[in-house]
Trainee: 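Would you mind keeping the following structure in view while I ask a few things?
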Amino acid sequence: MALLPILCYPDPRLHTVAKPIARVDARVSQLVRDMLDTMYDANGIGLAASQVDVHERLIVIDVSQERKQPLVLINPELVWTSEATHLNEEGCLSVPGIYDGVVRHDEVHVRAWDAEGQSRTIEANELLAVCIQHEMDHLMGKVFVEYLSPLKRNRIKTKMRKAQREDAR
């Protein structure tokens, strides 16, 4: 079990756009295992490779109560989104302790490779749809706080920098 360090906002590396993965090989399989271990250890429900400073299009998710139904999305792309949206309370492993409302599509269909490199289309709603959209934003270099007002975003930035300084002591 290898736990990976999670980048914290406002780290500029979180704004790097992820590149596609050419093939699922031993390196990618190990990264998937390490990301799942890291996500579970941090009590998260989703983690994008960008958050662990690997700027490749890979997401791991597990929204199950038992925490035993991991979903691996490699090179995900949204192929359909519902017109209906709603405001969701979101948090993020890269912005610990901060939660706020973000408007997301109620349902999404996403095409991606699974952990074996097989192409799949996932139809998601509720928490899974929100999580997929949130994690795909990371792959595009976007953190959920960027949906908030500039005032809120600056307050969060200040709070996060202060926490990082205190942790460094």
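These numbers come from a predicted model, not from an experiment.
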Trainee: Which residues satisfy the ring-ring contact (aromatic ring centres under 6.0 Å, His included) test with His134, sequence neighbours excluded?
Mentor: His138, Phe144
Trainee: Hey, could you give me the OG1/CG distance between Thr16 and Leu139, rounded to the nearest 0.5 Å?
Mentor: 11.5 Å
Trainee: Walk me through it: do Asn88 and Val102 pass the test side chain to side chain contact (heavy atoms under 4.5 Å, CB included)?
Mentor: CA-CA 5 Å; Asn88 303 281; Val102 177; 5.7 Å; no
Trainee: Does Asn75 reach the side chain of Glu77, with side-chain heavy atoms less than 4.5 Å apart?
Mentor: no
Trainee: If we only count heavy atoms from C-beta on, is the Ser50 to Leu14 side-chain gap below 4.5 Å?
Mentor: no
Trainee: State, yes or no, whether a side-chain contact exists between Asp106 and Glu83 at a heavy-atom distance under 4.5 Å.
Mentor: no
Trainee: CD of Glu146 to CD1 of Ile156: how many Å apart, nearest 0.5 Å?
Mentor: 11.0 Å
Trainee: To the nearest 0.5 Å, what is the distance between NE2 (His86) and CZ (Arg104)?
Mentor: 10.5 Å
Trainee: Do Pro96 and Met160 touch side chain to side chain, with heavy atoms closer than 4.5 Å?
Mentor: yes
Trainee: Return the minimal non-hydrogen interatomic distance between Leu7 and Arg13, and the atom names on each side.
Mentor: CD2-NH2, 3.1 Å
Trainee: Does the Ser94 side chain pair with the main chain of Tyr9, one donor and one acceptor, at a distance under 3.5 Å?
Mentor: no
Trainee: Using modelled atom types only, decide if a donor and an acceptor are shared between the side chain of Gln30 and the backbone of Ala26 within a distance under 3.5 Å.
Mentor: no
Trainee: Working to the nearest 0.5 Å, report the span between CE of Met136 and SG of Cys131.
Mentor: 12.0 Å
Trainee: Does the side chain to side chain contact (heavy atoms under 4.5 Å, CB included) test come out yes or no for Trp80 and Glu123, once each step is laid out?
Mentor: CA-CA 9 Å; Trp80 178 84; Glu123 296 180 7; over 6 Å; no
Trainee: Got His105 and Thr85 here, is their nearest side-chain heavy-atom distance under 4.5 Å?
Mentor: yes
Trainee: Please check: side-chain N/O of Asp137 versus main-chain N/O of Lys142, any donor-acceptor pairing under 3.5 Å?
Mentor: no
Trainee: Tell me if a side-chain donor or acceptor on Thr38 pairs with a main-chain N or O of Leu4 at a distance below 3.5 Å.
Mentor: yes
Trainee: Please step through side chain to side chain contact (heavy atoms under 4.5 Å, CB included) for the pair Glu90 and Gln133, ending with a clear verdict.
Mentor: CA-CA 11 Å; Glu90 291 188 25; Gln133 292 169 82; over 6 Å; no
Trainee: Can Leu93 be reached from Met35 by stepping across I, L, V, M, F, W or Y side chains whose heavy atoms are under 4.5 Å apart?
Mentor: yes
Trainee: Are Leu71 and Trp113 connected into the same hydrophobic cluster when the rule is that any two of I, L, V, M, F, W, Y join if their side-chain heavy atoms are below 4.5 Å apart?
Mentor: no
Trainee: Count I, L, V, M, F, W, Y as connected when their side-chain heavy atoms are under 4.5 Å apart, and connections chain through other members. Are Leu47 and Val95 then in the same cluster?
Mentor: no
Trainee: Other hydrophobic cluster members with Val103, side-chain heavy atoms of Ile/Leu/Val/Met/Phe/Trp/Tyr under 4.5 Å, chained?
Mentor: Leu87
Trainee: Sorted by first residue and then second, give each side-chain hydrogen bond (donor to acceptor under 3.5 Å, both in side chains) pair with at least one member in residues 150-169; sequence neighbours left out.
Mentor: Asp100-Lys152
Trainee: State yes or no: do Ile21 and Leu36 share one hydrophobic cluster built from I, L, V, M, F, W and Y residues joined by side-chain heavy-atom distances below 4.5 Å, directly or via other members?
Mentor: yes
Trainee: Distance from Ile132 atom CD1 to Ile61 atom CD1, nearest 0.5 Å?
Mentor: 5.0 Å
Trainee: Spell out, as yes or no, whether a donor-acceptor pair under 3.5 Å connects the side chain of Glu135 to the backbone of Ala48.
Mentor: yes
Trainee: Check whether any side-chain N or O of Arg67 sits under 3.5 Å from a backbone N or O of Asp62 as a donor-acceptor pair, and report yes or no.
Mentor: yes
Trainee: Heavy-atom distance under 4.5 Å between the side chains of Glu56 and Arg27, does that happen here?
Mentor: yes
Trainee: Can you see which heavy atom on Pro76 is nearest to which on Leu73, and at what distance?
Mentor: CD-O, 3.9 Å
Trainee: Apply the test side chain to side chain contact (heavy atoms under 4.5 Å, CB included) to residues Met39 and Asp41: give CA-CA distance (whole Å), side-chain angles for both, the deciding distance (0.1 Å), then the verdict.
Mentor: CA-CA 5 Å; Met39 178 187 72; Asp41 183 72; over 6 Å; no
Trainee: Might you point out which heavy atoms bring Asp37 and Ala2 nearest each other, and give the distance in Å?
Mentor: OD2-N, 3.8 Å
Trainee: With hydrophobic residues grouped by side-chain heavy-atom distances under 4.5 Å, do Leu58 and Val54 end up in a single group?
Mentor: yes
Trainee: Given side chains that start at C-beta, do those of Asp114 and Val72 come closer than 4.5 Å, heavy atoms only?
Mentor: no
